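Reckoned from all heavy atoms, side chains included, excluding hydrogens, waters and symmetry mates. Labels below follow one simple rule: chain letters A, B, ... track the order of the sequence lines, proteins then strands, and each chain is numbered from 1. Being a predicted model, the structure only gives us computed values, none of them experimental.
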Protein chains: 2
Amino acid sequence: MKNRKRTTIYDIAEKLNIAASSVSRALNNSNHVNEATKKLILKTAAELNYKRNTLASNLRKGQSKTIGVIVPFINQNFFSNVIAGIEEASYQKGYNLIICQSNELQSKEIKCVNTLINQHVDCIVISLSVDSNDHRHLQNVIDNGIQLIQFDRVADELETLKVINDNEQASEEAVSHMIEQGYKRIALLEGPQNLQIFRQRKTGYLNALKKHGMPILDELIIENAWTKELGANATRKLLNLPKPPDAIFASTSDFSALGVLEVASAMGIKVPSELGICGYSNEAFTEITSPSITTIDQFSVYMGKTVANLYFQELDNKEETEVIPKIISIKPKLIVRSSTKRIG
Amino acid sequence: MKNRKRTTIYDIAEKLNIAASSVSRALNNSNHVNEATKKLILKTAAELNYKRNTLASNLRKGQSKTIGVIVPFINQNFFSNVIAGIEEASYQKGYNLIICQSNELQSKEIKCVNTLINQHVDCIVISLSVDSNDHRHLQNVIDNGIQLIQFDRVADELETLKVINDNEQASEEAVSHMIEQGYKRIALLEGPQNLQIFRQRKTGYLNALKKHGMPILDELIIENAWTKELGANATRKLLNLPKPPDAIFASTSDFSALGVLEVASAMGIKVPSELGICGYSNEAFTEITSPSITTIDQFSVYMGKTVANLYFQELDNKEETEVIPKIISIKPKLIVRSSTKRIG
DNA sequence: TTTTAATCCGCAATCGATTGCCGACATTTA
DNA sequence: TAAATGTCGGCAATCGATTGCGGATTAAAA
């Protein structure tokens with residue numbers, strides 16, 4: 001709070017009795033300024049503890065070197081990892097991050113988008129909130145000349161850059177694995193079907209069953225079981241069926257899978273011998289439950305880096321070759337653990 | 001990418017054939033403008049899809065309505081929770097967050113600080129990196145008239161606003177609890193002692209021993225065991241002592257405690273009967289290990305909210321009463337779980 | 001009807017950095 | 001020696017929004 005007034009290029013100019021434009025050029029390392037004066041300016045700038053006012057600079061240059069990120073919750077493992085990845089890649093390029101949480105609410109998501117547009121961010125990175133239905137606010141981003149990149153939870157119909165997981169394939173692989181382990185009645189806990197990722201995971205599940213010539217049993221497919229509690233409730237319901245499942249694929253999240261595991265334990269049902277369990281996301285805890293939970297790794301940090309790098313590539317490429325793929329799909333990896341290992 | 005050029009107040013002014021200043025006033029809901037024209041302006045602004053250029057506004061007003069946050073890693077539970085808390089409180093006040101990671105490196109921390117100063121953030125919130133030794137960069141923040149708030153890992157000698165946990169007290173409570181459970185030889189895994197929080201936790205440990213008239217055994221105090229791996233190594237060493245401990249307080253983190261638990265399990269040592277374990281942080285996984293781990297909850301989201309609100313209070317209070325406490329200490333809560341429950 | 005006050009609105013400066021353009025001077029080439 | 005080229009520095013406009021001040025119009029008070 002000492003010098004409320006910060007030193008500007010004018011202060012430096014005045015002190016050295018030169019024009020502010022020269023100071024600006026020197027600080028930007030332009031070659032339109034004599035080497036000697038440049039050194040002098042830099043020295044004086046350091047002495048006066050000069051800090052460039054990025055606001056002014058950005059205003060003039062019409063860019064902000066800032067990327068806005070909107071996620072449902074910052075403190076969910078998957079998202080915080082993606083953000084960490086974005087941050088790492090952006091930092092190297094001298095870009096800053098503005099982070100917003102949509103709290104899974106479209107209404108807040110819209111506000112976040114507007115804030116970021118006002119902030120003149122160069123790029124908005126978003127993973128949709130669960131109740132996101134129409135996408136006018138995203139169209140608005142594009143209309144305002146801001147690069148839009150969607151990741152993970154994407155609106156398919158919008159033609160933007162996207163970084164996604166191959167959910168369908170991963171899901172199919174997981175279910176196939178369970179079938180190979182001898183499970184016959186595999187239940188599916190599905191997430192809100194307005195989100196593409198959950199539709200894809202369901203498709204993967206159905207594909208696997210078809211491929212192995214297994215029947216699709218509607219009573220084993222439970223909607224909207226994507227939190228630990230909902231997963232637990234669904235499990236109670238499933239295990240009390242006349243013909244209960246012998247495996248549960250919690251396609252929504254590991255939290256849901258954890259709910260499954262807890263209910264099974266409480267009911268004295270043995271995992272994996274009597275009930276197989278597979279989650280999604282490879283949350284840290286899946287490794288340390290007993291038994292440990294089979295799950296799918298989404299390479300979240302890598303995903304974040306990919307998002308950022310995609311933006312930077314697109315930036316370099318402007319008006320040039322335009323050969324960059326608009327959609328990058330990252331292949332997730334099935335992590336087989338005890339909760340589904342019945343044989344071998 | 002449609003209209004590269006966004007509408008400004010001048011566009012609105014021109015269209016309505018009035019002065020830009022009136023537009024500005026209308027948009028700021030000033031009462032120095034006729035109600036009818038105000039309505040007209042607002043309507044036109046909406047029609048033209050006007051978005052305020054926050055950069056220009058902030059430049060003029062000399063503030064940015066932005067809070068910069070620097071943490072070691074975004075994707076560590078504690079920090080992402082604190083950030084979530086800060087975001088929630090800031091959002092309500094119309095403030096944005098710029099997030100940086102120091103990666104536990106002082107060098108990067110300094111760069112982050114400079115970036116944020118350049119960005120003219122109104123406030124910088126920081127939790128120090130582990131190798132943070134001198135604090136000139138923090139002094140620099142203050143000298144630039146930016147409000148500095150430290151949380152959790154703070155530099156004690158700097159007179160700034162601080163939000164901390166009462167580590168000493170929590171630590172003492174945890175160790176006392178273990179003593180009451182009948183543990184006689186309680187080991188301590190300590191963190192890097194240049195960070196105050198770890199010194200405080202050690203002090204709490206020592207206090208508890210003293211209070212209960214128990215000897216302090218140097219061979220049971222292990223330095224720098226603050227990751228899962230280091231915790232595991234330390235445990236191997238401890239359990240191979242001629243007179244091994246019957247309890248381990250992983251004062252650094254739950255990850256460290258997890259390392260302890262894993263080694264104990266691998267060595268066939270029963271927890272809690274043969275070895276008590278207590279962690280720190282109340283990470284989600286501590287609840288689901290078997291046995292579940294006794295730990296200390298730091299109320300991280302609440303901590304974040306407190307940080308943000310502290311800033312806003314200070315803002316309101318400028319030049320006024322100055323009665324706000326400079327240091328807010330949040331009392332953590334001991335969460336007793338199976339890993340230390342030997343009696344009762 | 002005249003004075004006073006209130007209400008609106010516009011002019012122009014300002015925030016700090018950047019940049020196109022011009023001119024002064026020095027250096028090189030014809 | 002004259003012309004052409006290059007180097008360096010300054011002037012002034014610009015980015016978009018805000019705001020102090022003053023002027024004009026209208027309403028209220030005397």
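Regarding contacts with the backbone of C/dA17, a side-chain N or O of A/Y50 is found under 4.0 angstrom from either OP1 or OP2. In this structure, A/T37 does not reach the D/dC8 phosphate: none of its side-chain N or O atoms is under 4.0 Å from OP1 or OP2. Dashed line: the shortest gap from a side-chain N or O of B/R6 to OP1 or OP2 of D/dG16 is not under 4.0 Å. Here A/K5 reaches the OP1 or OP2 of C/dG16: one of its side-chain N or O atoms lies under 4.0 Å away. When the side-chain nitrogen and oxygen atoms of B/S22 are compared with OP1 and OP2 of C/dG10, one or more of them lie within a distance under 4.0 Å.
A donor atom on one side chain and an acceptor atom on the other are found under 3.5 Å apart for A/K38 and A/N29.
Rounding to whole angstrom units, CD of residue A/Q63 and P of D/dG16 are separated by 14 Å. For A/R60 and C/dA17, the CZ to P distance is 13 Å, given to the nearest whole Å. In this structure, the CD1 atom of A/I12 is 11 Å from the P atom of C/dT18, given to the nearest Å.
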Let me see the working for A/K39 and A/L42 under side chain to side chain contact (heavy atoms under 4.5 Å, CB included), right down to the final yes or no.
CA-CA 5 Å; A/K39 274 218 184 85; A/L42 259 34; 5.8 Å; no
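Applying a 4.0 Å cut-off to non-hydrogen atoms, the residues of residues 25-34 of chain B that approach DNA chain D are B/R25, B/N28, listed by residue number.
Within the nucleic acid shown, B/S24 comes within 4.0 Å of at least one base atom, counting heavy atoms only. Contact annotation for A/I18: backbone-only contact, meaning every heavy-atom pair under 4.0 Å involves sugar-phosphate atoms and none involves a base.
Within a 6.0 Å radius of CD in A/Q63, more than 12 heavy atoms belonging to other residues, nucleotides or ligands are found.
We find that B/R153 and B/E104 are joined by a salt bridge, their nearest charged nitrogen and carboxylate oxygen being less than 4.0 Å apart.
Residue-to-nucleotide contacts include a donor-acceptor pair under 3.5 Å from the side chain of B/S21 to the base of C/dC11.
For the side chain to side chain donor-acceptor pair (under 3.5 Å) test, no residue two or more places apart in sequence or in another chain qualifies with B/D152.
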